Each structure stands twice: as C-alpha cells, then as structure tokens.
Amino acid sequence: MKQKNTVKLTAATFAIIGAGAIFFYSAAEMTYAANSKKVEKVPTSYQVSDHLETELPNPETKEEDGAKVNNSVSMDSLNTGTPTDTDLTMEEAAEIGNQYLKDIFGLDLEGAYVSMSYNPGTVTFPRAFWSGVVSFQKELKPETTRWTYMMDAVTGELFTIYYDKQLDVTVSLDNDAALEKDYRLYAELAQKKTEECKLLDSPVDRVEYNCQGYSGNNPTISVDVIGENGEIVNMAFSRYDQTFLGFLTDTSRKITESALDNIMEEGVWGETEEFENNAITYKTNVAK
C-alpha cells in the first residue's frame, strides 16, 4: 500500500541516521523533497493518549527514588526557537525526557549532560516540539554515546527516542537478505518491548519487517509493531548484538503522514536548501 511506503520513508530515515530528533526530521524533509510520490490521505486526529505521557514535574522536587538526581541541563548553543507561554519550559521538558529515558532504557541520569532545543515545527512535522541530547561527556564527539528524544512542546507526549553508540568492532553495514524473510527474533524483541513500555493502546496484532539501515558503524533493523486498533510503532534494533535502539511513536507517524499529504495536495515540496542547512547545523552540533 502507498501508506506503507510513507511509513517506510520515515522508518528508513530513522534507521539510517539515528543521530537525533531534529536531524531526523530535517533529513526526512530532504528525502521527501527529492523522492516525492503521491500517498494516500490518512484521516488523523491528535488527541493525547494515555500512554507515553508524563505528568509535569514539580519544580521544587527533583528527586528520584528518594535521592536527588544531579545533571546539567542547558539550551543547545545552536538553538534558534523560542518557546511560548503555553509550552513546557526547558527544565520541565528535560525532566520529562529524563523520565522517559529511565522508563524505556533504564538510564540513570546522575551526572549526565542534557542539551535541549526547541522547534516551533517543520514542514514535514508541523507540531512544536522539544528535543534533547543526553550524554555523559561534556563535549560531544561523533563517537560519543548519546540518547536523544523528541516530545510535544505542550503536553510532553513522546514522539521519538533513540540510543546511539559506536561499536568497538568493524562489522558489515550491508543489508542481510535473510532477515527480510526471517526476522522472528526481532519481532519477538519488539513485541516484548512494546508491551513492557505500554507503547500501544491495544494488544499487539502483529509485527512486520520494515527495513534495514545503520547508525554510525552499527547495522540496524526496523520493524513495525501493529496494534489491533491499527496503531503502529516503528522500532529499531542493532543487527550486531540485538540491542534495543529506540522507536517512533504512532502519533509521530500520523503527524508526518498528514503533513506529507498536505504537501502533495498543495504541490509544495519545501525549500531543500533550508532543510540541508538544518541537517548540517545539527550534525555540526553533535560533532562539537
């Protein structure tokens, strides 16, 4: 189906770069501008669901399991967006992001460096969002292990979250043809993680192969976890050691697909040069 092709567009971009939320959507815009094809229109509504949503933190309470979590939160030096009065503050968004990282990856944020960015929305993702890059090194380098996330700027609903670590071995990044036919191991891992983190509002109906790619020197595989109600979570794993790397939520997918539909209807592909500059800016930032 053409709708499936759109899912694969975003999933492939996600599987290949794995560097962060802002760069992901900039790259998606460049990819779509260069390879635009007509897609089916998918009616979409964006009520905030009960899952993947965190209560706003009490600004006077920053304790986790009875112990204060000390980490450094700052606005990214390349940030250009300004949150509105209705948006979460940087500190609130970072606290919510910390909770997502703890719940999904089991990450202890003690001593972490959190770099935040605000974006009022892009052509292919017309929703204001906060994004964060978390690491345990003050100066980010291309090989730095990092966790990234992107959330709704107002509600804190999670859109995407990702873990990126360079391997200390050299492995092939080529597609594994056998996995296209037999991806049962990753389907089982994806269903288990989906149920563990309650990523869908309904029981899992099936898991389908989506694509293969790479993140840095780490070969990846992406699968779609599909709920009985039609929700889709796109989940990625390392093909090298089966490490869980992250996912795109159903809300994120719907927002992007709806935006692409609108672009097709209006016949506007966006300014590719601007998208390229955004991507270069983010890549420069993570390589500082």
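Quick caveat, the model's predicted, so the values are computed rather than measured.
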Has the side chain of [X] got a donor or acceptor atom that lies under 3.5 Å from a matching backbone atom of [Y]?
{"X": "Thr220", "Y": "Ser215", "value": "no"}
{"X": "Thr256", "Y": "Ser252", "value": "yes"}
{"X": "Asp76", "Y": "Leu78", "value": "yes"}
{"X": "Asp152", "Y": "Val154", "value": "yes"}

Next item on the list: May I ask you to list the residues sharing a hydrophobic cluster with Tyr113, side-chain cutoff 4.5 Å, ordered by chain and number?
Entry: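 Result for Tyr113 is none, singleton.
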Gap separating the [atom1] atom of [X] from the [atom2] atom of [Y], nearest 0.5 angstrom:
{"X": "Thr89", "Y": "Glu91", "atom1": "OG1", "atom2": "CD", "result": "4.5 Å"}
{"X": "Ser135", "Y": "Asp164", "atom1": "OG", "atom2": "CG", "result": "11.5 Å"}
{"X": "Asn119", "Y": "Phe125", "atom1": "CG", "atom2": "CZ", "result": "10.0 Å"}

Assigning hydrophobic clusters by single linkage (Ile, Leu, Val, Met, Phe, Trp, Tyr; side-chain heavy-atom cutoff under 4.5 Å), is [X] placed with [Y]?
{"X": "Phe237", "Y": "Val171", "answer": "no"}
{"X": "Leu158", "Y": "Phe244", "answer": "yes"}
{"X": "Leu173", "Y": "Tyr240", "answer": "no"}
{"X": "Leu167", "Y": "Ile221", "answer": "no"}

Item checked: Ring geometry between Tyr183 and Tyr209 (parallel below 30°, tilted from 30 to 60°, perpendicular above 60°) ->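 Tilted, since the angle between the ring planes falls between 30° and 60°.
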Check: Parallel, tilted or perpendicular: which fits the ring planes of Phe105 and Tyr163, with parallel below 30° and perpendicular above 60°?
Finding: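 Tilted: the ring planes of Phe105 and Tyr163 meet at 30° to 60°.
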Considering all heavy atoms of both residues, which atom of [X] and which atom of [Y] are nearest to each other, and what is their separation?
{"X": "Gly230", "Y": "Asp250", "answer": "O-OD1, 4.4 Å"}
{"X": "Thr194", "Y": "Met235", "answer": "OG1-CE, 3.4 Å"}
{"X": "Val225", "Y": "Ala190", "answer": "CG2-CB, 3.7 Å"}
{"X": "Gln212", "Y": "Asp174", "answer": "OE1-O, 4.4 Å"}
{"X": "Ala259", "Y": "Pro126", "answer": "CB-CD, 3.6 Å"}
{"X": "Ala94", "Y": "Val73", "answer": "CB-CG1, 3.7 Å"}

Margin query: Are the side chains of Ile161 and Phe247 in contact, using a 4.5 Å heavy-atom criterion?
Written below: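 Counting from C-beta outward, Phe247 and Ile161 do come under 4.5 Å.
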Next item on the list: Please examine the side chains of Met90 and Trp130, heavy atoms only from C-beta on, and report whether any two atoms are closer than 4.5 Å.
Entry: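 Yes; the side chains approach each other to less than 4.5 Å.
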Item checked: With Phe136, the side-chain contact (heavy atoms from CB on, under 4.5 Å) member among Leu107, Thr144, Asn71 ->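 Of the listed residues Leu107, Thr144, Asn71, the side-chain contact (heavy atoms from CB on, under 4.5 Å) partner of Phe136 is Leu107.
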Note to self: For Met151, run the side-chain contact (heavy atoms from CB on, under 4.5 Å) check against Thr249, Leu88, Thr160 and tell me which one passes.
What the structure shows: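 Considering Thr249, Leu88, Thr160, a side-chain contact (heavy atoms from CB on, under 4.5 Å) with Met151 is found only for Leu88.
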Note to self: Looking only at side-chain N and O atoms, does Asp87 offer a donor or acceptor that is under 3.5 Å from a partner on Thr84?
What the structure shows: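 There is such a pair between these side chains.
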Note to self: Side chains of Glu95 and Gln99: any donor to acceptor distance under 3.5 Å?
What the structure shows: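 Distance-only check fails for Gln99 and Glu95.
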Notebook entry, point to check: Who pairs with Thr145 by side chain to side chain donor-acceptor pair (under 3.5 Å), at least two apart in sequence or on another chain?
Noted result: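 Thr145 satisfies side chain to side chain donor-acceptor pair (under 3.5 Å) with no other residue.
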Checklist line | salt bridge (charged side-chain N to carboxylate O under 4.0 Å, His left out) partners for Asp182, two or more places apart | finding: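 Result, salt bridge (charged side-chain N to carboxylate O under 4.0 Å, His left out) vs Asp182: Arg184.
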Notebook entry, point to check: Checking side chain to side chain donor-acceptor pair (under 3.5 Å) for the pair Asp241/Ser238: CA distance, chi angles, key distance, verdict?
Noted result: CA-CA 6 Å; Asp241 58 9; Ser238 168; 3.1 Å; yes
Item checked: Glu196/Lys193 ion pair, N-O < 4.0 Å ->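 Here Glu196 pairs with Lys193 in a salt bridge, since their nearest N and O are under 4.0 Å apart.
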